[in-house]
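So the structure is just underneath, and the comments pick up after that.
This one's a predicted model, so the numbers in the text were calculated from it and none came from an experiment. As the structure lists them, so they are numbered: ligands from 1, and atoms in each ligand from 1.
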Amino acid sequence: MTGTLYLVATPIGNLQDITFRALETLKTVDLIACEDTRHTQKLLNHYAIKNRLISYHEHNEMTRAEELAEYLRQGKSIAIVSDAGTPAICDPSFRIVEKANQIGAKVVSIPGAVAFVNGLIVSGLPTDSVFFGGFLPSKKSERIKRLEEVKEIPATLVFYETPHRIEKSLADALEILGNRKAALARELTKRHEEIIRGDLAEIFSYVSGNQIKGEIVLIFDRKSNESKRLDVNKAGTLKSRLTELESEGSERKAALKKLAKEFGLSRSEVYRRLLIE
Ligand code: SAM
(Lines give C-alpha, C1' and ligand atoms only; values in the text may rest on other atoms or scores of the structure.)
Protein backbone atom coordinates (compact mmCIF):
# COMPACT_ATOMS: atom_id res chain seq x y z
CA MET A 1 0.00 0.00 0.00
CA THR A 2 1.39 3.42 -0.95
CA GLY A 3 1.23 6.18 1.66
CA THR A 4 -0.75 9.41 1.71
CA LEU A 5 0.44 12.90 0.87
CA TYR A 6 -1.29 15.65 2.86
CA LEU A 7 -1.13 19.27 1.68
CA VAL A 8 -1.60 21.14 4.93
CA ALA A 9 -2.50 24.85 5.06
CA THR A 10 -0.81 26.82 7.86
CA PRO A 11 -1.42 30.42 9.07
CA ILE A 12 -0.56 33.50 6.95
CA GLY A 13 0.31 35.51 10.06
CA ASN A 14 -1.94 34.82 13.02
CA LEU A 15 -0.88 31.49 14.53
CA GLN A 16 -4.45 30.72 15.55
CA ASP A 17 -5.54 30.42 11.92
CA ILE A 18 -5.00 26.70 11.65
CA THR A 19 -7.58 23.92 11.75
CA PHE A 20 -7.90 21.06 14.25
CA ARG A 21 -7.52 18.68 11.35
CA ALA A 22 -4.26 20.35 10.25
CA LEU A 23 -2.81 20.03 13.78
CA GLU A 24 -3.92 16.41 14.04
CA THR A 25 -2.31 15.65 10.65
CA LEU A 26 0.96 17.36 11.62
CA LYS A 27 1.01 15.25 14.79
CA THR A 28 0.32 11.91 13.17
CA VAL A 29 2.14 11.83 9.82
CA ASP A 30 5.48 10.04 9.54
CA LEU A 31 7.23 13.09 8.16
CA ILE A 32 6.64 16.82 7.58
CA ALA A 33 8.25 18.36 4.49
CA CYS A 34 8.48 22.13 4.82
CA GLU A 35 10.10 25.12 3.13
CA ASP A 36 12.07 26.28 6.15
CA THR A 37 12.51 23.84 9.03
CA ARG A 38 13.20 26.61 11.60
CA HIS A 39 10.06 28.47 10.58
CA THR A 40 7.83 25.39 10.77
CA GLN A 41 9.48 24.29 14.02
CA LYS A 42 8.13 27.51 15.61
CA LEU A 43 4.59 26.56 14.58
CA LEU A 44 5.05 23.03 15.92
CA ASN A 45 6.48 24.38 19.21
CA HIS A 46 3.51 26.70 19.58
CA TYR A 47 1.18 23.68 19.43
CA ALA A 48 3.54 21.33 21.31
CA ILE A 49 3.81 19.03 18.32
CA LYS A 50 6.87 16.85 17.96
CA ASN A 51 7.54 15.36 14.56
CA ARG A 52 10.29 14.89 12.01
CA LEU A 53 10.93 17.80 9.64
CA ILE A 54 12.66 17.71 6.27
CA SER A 55 13.27 20.66 3.95
CA TYR A 56 11.39 20.88 0.68
CA HIS A 57 11.83 24.17 -1.16
CA GLU A 58 12.21 25.60 -4.65
CA HIS A 59 15.96 24.83 -4.77
CA ASN A 60 15.73 21.12 -3.88
CA GLU A 61 12.20 20.45 -5.12
CA MET A 62 13.24 18.10 -7.96
CA THR A 63 15.54 15.82 -5.96
CA ARG A 64 13.45 15.96 -2.80
CA ALA A 65 10.28 15.04 -4.67
CA GLU A 66 11.97 11.80 -5.74
CA GLU A 67 13.02 11.05 -2.15
CA LEU A 68 9.54 11.83 -0.80
CA ALA A 69 7.97 9.62 -3.46
CA GLU A 70 10.13 6.77 -2.19
CA TYR A 71 8.69 7.26 1.33
CA LEU A 72 5.19 7.16 -0.18
CA ARG A 73 6.04 3.92 -2.00
CA GLN A 74 7.05 2.47 1.37
CA GLY A 75 3.56 3.30 2.69
CA LYS A 76 4.60 6.33 4.78
CA SER A 77 2.42 9.41 5.23
CA ILE A 78 3.85 12.86 4.51
CA ALA A 79 2.55 16.37 5.25
CA ILE A 80 3.69 19.20 3.00
CA VAL A 81 3.58 22.68 4.51
CA SER A 82 4.89 26.00 3.23
CA ASP A 83 6.08 28.98 5.27
CA ALA A 84 2.62 30.50 5.10
CA GLY A 85 -0.81 29.63 3.82
CA THR A 86 -1.66 26.89 1.38
CA PRO A 87 1.12 24.80 -0.16
CA ALA A 88 1.26 24.95 -3.97
CA ILE A 89 -0.17 28.48 -4.05
CA CYS A 90 2.96 30.33 -5.20
CA ASP A 91 4.89 27.81 -3.12
CA PRO A 92 6.47 24.43 -3.87
CA SER A 93 4.57 21.15 -3.95
CA PHE A 94 3.62 20.78 -7.62
CA ARG A 95 6.44 18.22 -8.21
CA ILE A 96 5.59 16.00 -5.28
CA VAL A 97 1.87 16.06 -6.08
CA GLU A 98 2.71 15.08 -9.66
CA LYS A 99 4.94 12.21 -8.43
CA ALA A 100 2.39 11.07 -5.84
CA ASN A 101 -0.25 10.88 -8.57
CA GLN A 102 2.12 8.92 -10.82
CA ILE A 103 2.75 6.27 -8.18
CA GLY A 104 -0.90 6.06 -7.18
CA ALA A 105 -0.51 7.56 -3.70
CA LYS A 106 -3.50 9.31 -2.17
CA VAL A 107 -3.26 13.12 -2.18
CA VAL A 108 -5.37 14.91 0.43
CA SER A 109 -5.76 18.65 1.03
CA ILE A 110 -6.20 20.00 4.54
CA PRO A 111 -7.76 23.42 3.80
CA GLY A 112 -6.99 26.70 5.52
CA ALA A 113 -5.64 30.21 4.92
CA VAL A 114 -4.77 31.53 1.45
CA ALA A 115 -3.63 35.15 1.31
CA PHE A 116 -5.20 36.04 -2.04
CA VAL A 117 -8.67 34.80 -1.07
CA ASN A 118 -8.58 36.83 2.14
CA GLY A 119 -7.32 39.93 0.32
CA LEU A 120 -10.07 39.52 -2.25
CA ILE A 121 -12.94 39.11 0.20
CA VAL A 122 -12.08 42.22 2.21
CA SER A 123 -11.42 44.35 -0.88
CA GLY A 124 -15.08 45.07 -1.57
CA LEU A 125 -14.54 44.25 -5.25
CA PRO A 126 -16.75 41.67 -7.01
CA THR A 127 -16.03 38.04 -6.17
CA ASP A 128 -18.30 36.40 -8.76
CA SER A 129 -15.46 35.86 -11.20
CA VAL A 130 -11.81 36.05 -10.16
CA PHE A 131 -8.45 35.72 -11.91
CA PHE A 132 -5.46 34.98 -9.65
CA GLY A 133 -2.15 35.77 -11.36
CA GLY A 134 0.40 34.91 -8.64
CA PHE A 135 3.31 37.35 -8.48
CA LEU A 136 3.57 40.05 -11.12
CA PRO A 137 6.93 39.64 -12.92
CA SER A 138 9.82 41.58 -11.41
CA LYS A 139 11.17 42.71 -14.81
CA LYS A 140 9.34 45.77 -16.11
CA SER A 141 9.01 44.55 -19.71
CA GLU A 142 7.54 41.22 -18.54
CA ARG A 143 5.27 42.94 -16.04
CA ILE A 144 3.90 45.22 -18.75
CA LYS A 145 3.34 42.18 -20.99
CA ARG A 146 1.49 40.30 -18.22
CA LEU A 147 -0.68 43.34 -17.46
CA GLU A 148 -1.49 43.66 -21.17
CA GLU A 149 -2.48 39.98 -21.21
CA VAL A 150 -4.90 40.33 -18.29
CA LYS A 151 -6.35 43.79 -18.87
CA GLU A 152 -9.44 42.61 -20.79
CA ILE A 153 -10.28 39.63 -18.55
CA PRO A 154 -13.85 40.13 -17.29
CA ALA A 155 -12.98 39.23 -13.70
CA THR A 156 -11.49 40.76 -10.57
CA LEU A 157 -7.71 40.44 -10.94
CA VAL A 158 -5.61 39.42 -7.93
CA PHE A 159 -1.80 39.41 -7.60
CA TYR A 160 0.85 38.98 -4.95
CA GLU A 161 3.43 41.73 -4.62
CA THR A 162 6.47 42.63 -2.55
CA PRO A 163 7.07 46.00 -0.80
CA HIS A 164 10.15 46.87 -2.84
CA ARG A 165 8.29 46.50 -6.16
CA ILE A 166 4.87 47.78 -5.18
CA GLU A 167 5.30 51.36 -6.38
CA LYS A 168 6.62 50.34 -9.80
CA SER A 169 3.93 47.70 -10.22
CA LEU A 170 1.17 50.14 -9.33
CA ALA A 171 2.55 52.71 -11.79
CA ASP A 172 2.58 50.07 -14.53
CA ALA A 173 -0.88 48.82 -13.57
CA LEU A 174 -2.25 52.34 -13.74
CA GLU A 175 -0.70 52.86 -17.13
CA ILE A 176 -1.81 49.54 -18.65
CA LEU A 177 -5.09 48.79 -16.87
CA GLY A 178 -6.29 52.39 -16.64
CA ASN A 179 -7.63 54.06 -13.55
CA ARG A 180 -9.97 51.29 -12.41
CA LYS A 181 -11.07 50.52 -8.85
CA ALA A 182 -8.55 48.58 -6.78
CA ALA A 183 -7.47 47.56 -3.29
CA LEU A 184 -4.22 46.78 -1.55
CA ALA A 185 -4.38 44.33 1.37
CA ARG A 186 -1.28 44.34 3.54
CA GLU A 187 -0.19 42.15 6.44
CA LEU A 188 -3.47 40.24 6.57
CA THR A 189 -4.26 38.66 9.95
CA LYS A 190 -1.22 40.41 11.51
CA ARG A 191 -0.88 43.34 13.91
CA HIS A 192 -0.36 45.91 11.14
CA GLU A 193 -3.10 44.64 8.83
CA GLU A 194 -4.19 47.43 6.49
CA ILE A 195 -6.63 47.53 3.57
CA ILE A 196 -6.38 50.49 1.19
CA ARG A 197 -9.33 50.90 -1.15
CA GLY A 198 -9.85 53.42 -3.91
CA ASP A 199 -8.99 53.80 -7.54
CA LEU A 200 -5.56 52.93 -8.86
CA ALA A 201 -4.42 56.55 -9.03
CA GLU A 202 -5.35 57.09 -5.38
CA ILE A 203 -3.67 53.89 -4.23
CA PHE A 204 -0.57 54.75 -6.26
CA SER A 205 -0.34 58.20 -4.72
CA TYR A 206 -0.84 56.75 -1.19
CA VAL A 207 1.90 54.18 -1.75
CA SER A 208 4.35 56.68 -3.24
CA GLY A 209 3.81 58.97 -0.25
CA ASN A 210 4.21 56.26 2.39
CA GLN A 211 6.77 53.55 2.69
CA ILE A 212 4.70 50.38 2.39
CA LYS A 213 6.04 47.39 4.27
CA GLY A 214 5.06 43.76 4.75
CA GLU A 215 3.25 41.23 2.61
CA ILE A 216 0.85 42.48 -0.02
CA VAL A 217 -2.12 41.31 -2.08
CA LEU A 218 -3.17 43.58 -4.93
CA ILE A 219 -6.74 43.46 -6.21
CA PHE A 220 -7.91 45.21 -9.40
CA ASP A 221 -11.47 45.60 -10.60
CA ARG A 222 -12.34 44.35 -14.08
CA LYS A 223 -12.24 46.78 -16.96
CA SER A 224 -15.17 49.16 -16.99
CA ASN A 225 -16.28 51.82 -19.45
CA GLU A 226 -14.72 54.35 -17.11
CA SER A 227 -11.30 52.70 -17.25
CA LYS A 228 -11.59 52.32 -21.03
CA ARG A 229 -12.00 56.06 -21.23
CA LEU A 230 -8.94 56.58 -19.05
CA ASP A 231 -6.71 54.06 -20.83
CA VAL A 232 -3.48 56.02 -21.03
CA ASN A 233 -1.98 53.51 -23.41
CA LYS A 234 -4.36 54.21 -26.26
CA ALA A 235 -2.98 56.82 -28.66
CA GLY A 236 -4.51 60.22 -28.10
CA THR A 237 -6.16 59.34 -24.77
CA LEU A 238 -4.46 62.11 -22.83
CA LYS A 239 -5.16 64.65 -25.55
CA SER A 240 -8.81 63.72 -25.92
CA ARG A 241 -9.29 63.79 -22.15
CA LEU A 242 -7.62 67.22 -22.07
CA THR A 243 -9.99 68.46 -24.77
CA GLU A 244 -12.90 66.97 -22.84
CA LEU A 245 -11.89 68.67 -19.59
CA GLU A 246 -11.39 72.01 -21.36
CA SER A 247 -14.74 71.74 -23.12
CA GLU A 248 -16.30 71.16 -19.70
CA GLY A 249 -14.88 74.57 -18.71
CA SER A 250 -11.54 73.77 -17.05
CA GLU A 251 -8.65 76.18 -17.53
CA ARG A 252 -5.62 74.57 -19.24
CA LYS A 253 -3.54 74.59 -16.01
CA ALA A 254 -6.32 73.05 -13.92
CA ALA A 255 -7.08 70.49 -16.65
CA LEU A 256 -3.43 69.39 -16.76
CA LYS A 257 -3.39 69.05 -12.98
CA LYS A 258 -6.53 66.94 -13.12
CA LEU A 259 -5.08 64.79 -15.91
CA ALA A 260 -1.96 64.11 -13.84
CA LYS A 261 -4.14 63.02 -10.91
CA GLU A 262 -6.45 60.85 -12.99
CA PHE A 263 -3.61 59.02 -14.68
CA GLY A 264 -1.35 58.90 -11.64
CA LEU A 265 1.40 60.73 -13.55
CA SER A 266 3.54 63.70 -12.59
CA ARG A 267 2.64 66.93 -14.34
CA SER A 268 5.94 66.89 -16.25
CA GLU A 269 5.18 63.34 -17.45
CA VAL A 270 1.77 64.52 -18.66
CA TYR A 271 3.43 67.35 -20.65
CA ARG A 272 5.96 64.90 -22.08
CA ARG A 273 3.31 62.42 -23.17
CA LEU A 274 1.10 65.13 -24.65
CA LEU A 275 4.02 66.22 -26.81
CA ILE A 276 4.53 62.64 -28.04
CA GLU A 277 0.87 61.81 -28.64
N1 SAM B 1 1.12 29.99 -0.05
C2 SAM B 1 0.77 31.34 0.28
C3 SAM B 1 -0.75 31.50 0.25
O4 SAM B 1 -1.44 30.50 0.42
O5 SAM B 1 -1.23 32.62 0.09
C6 SAM B 1 1.47 32.35 -0.62
C7 SAM B 1 2.97 32.26 -0.56
S8 SAM B 1 3.78 33.43 -1.54
C9 SAM B 1 5.43 32.81 -1.55
C10 SAM B 1 3.97 34.80 -0.44
C11 SAM B 1 3.13 36.00 -0.87
O12 SAM B 1 1.78 35.81 -0.45
C13 SAM B 1 3.57 37.31 -0.23
O14 SAM B 1 4.62 37.92 -0.94
C15 SAM B 1 2.30 38.12 -0.29
O16 SAM B 1 2.13 38.68 -1.58
C17 SAM B 1 1.23 37.04 -0.05
N18 SAM B 1 0.95 36.96 1.40
C19 SAM B 1 1.30 35.97 2.24
N20 SAM B 1 0.87 36.25 3.50
C21 SAM B 1 0.24 37.44 3.42
C22 SAM B 1 -0.41 38.28 4.37
N23 SAM B 1 -0.48 37.94 5.67
N24 SAM B 1 -0.95 39.44 3.95
C25 SAM B 1 -0.89 39.80 2.65
N26 SAM B 1 -0.28 39.05 1.71
C27 SAM B 1 0.27 37.89 2.09
Nearest 0.5 Å, please: how far is [atom2] in [Y] from [atom1] in [X]?
{"X": "R146", "Y": "L136", "atom1": "CZ", "atom2": "CG", "answer": "7.5 Å"}
{"X": "L5", "Y": "I103", "atom1": "CG", "atom2": "CD1", "answer": "9.0 Å"}
{"X": "T162", "Y": "K213", "atom1": "OG1", "atom2": "NZ", "answer": "14.5 Å"}

Any heavy atom of D91 under 4.0 Å from ligand 1? The part involved is side chain

Counting heavy atoms under 4.0 Å, the part of K190 that contacts ligand 1 is side chain

Look only at interatomic distance and state if [X] has a nitrogen or oxygen under 3.5 Å from any nitrogen or oxygen of ligand 1.
{"X": "I12", "answer": "yes"}
{"X": "A185", "answer": "no"}
{"X": "I89", "answer": "yes"}

Name of the residue among E67, E66, E61 meeting salt bridge (Lys or Arg N to Asp or Glu O under 4.0 Å) with R64
E67

What residue and atom, counting heavy atoms only, is the protein's closest point to [atom], and at what distance?
{"atom": "atom 4 (O) of ligand 1", "result": "T86 N, 2.8 Å"}
{"atom": "atom 5 (O) of ligand 1", "result": "Y160 OH, 2.6 Å"}
{"atom": "atom 11 (C) of ligand 1", "result": "F135 CZ, 3.6 Å"}
{"atom": "atom 16 (O) of ligand 1", "result": "I216 O, 2.6 Å"}
{"atom": "atom 22 (C) of ligand 1", "result": "L188 N, 3.6 Å"}
{"atom": "atom 18 (N) of ligand 1", "result": "A115 CB, 3.4 Å"}

What about F132 and F159, are their ring centers closer than 6.0 Å?
no

Is [X] in contact with ligand 1, taking contact as a heavy-atom separation below 4.0 Å?
{"X": "A84", "answer": "yes"}
{"X": "T162", "answer": "no"}
{"X": "T189", "answer": "no"}

Please collect all salt bridge (Lys or Arg N to Asp or Glu O under 4.0 Å) contacts where either partner lies in residues 115-138, sequence neighbours excluded, each pair once.
D128-R222

May I have all residue pairs that pass salt bridge (Lys or Arg N to Asp or Glu O under 4.0 Å) and include part of residues 18-27, sequence neighbours excluded?
none

Pick from R186, E161, E215, E58: the one approaching atom 25 (C) of ligand 1 most closely through a non-hydrogen atom:
E215

Test item: L31 and L68 side chains (from C-beta on) under 4.5 Å apart, heavy atoms:
yes

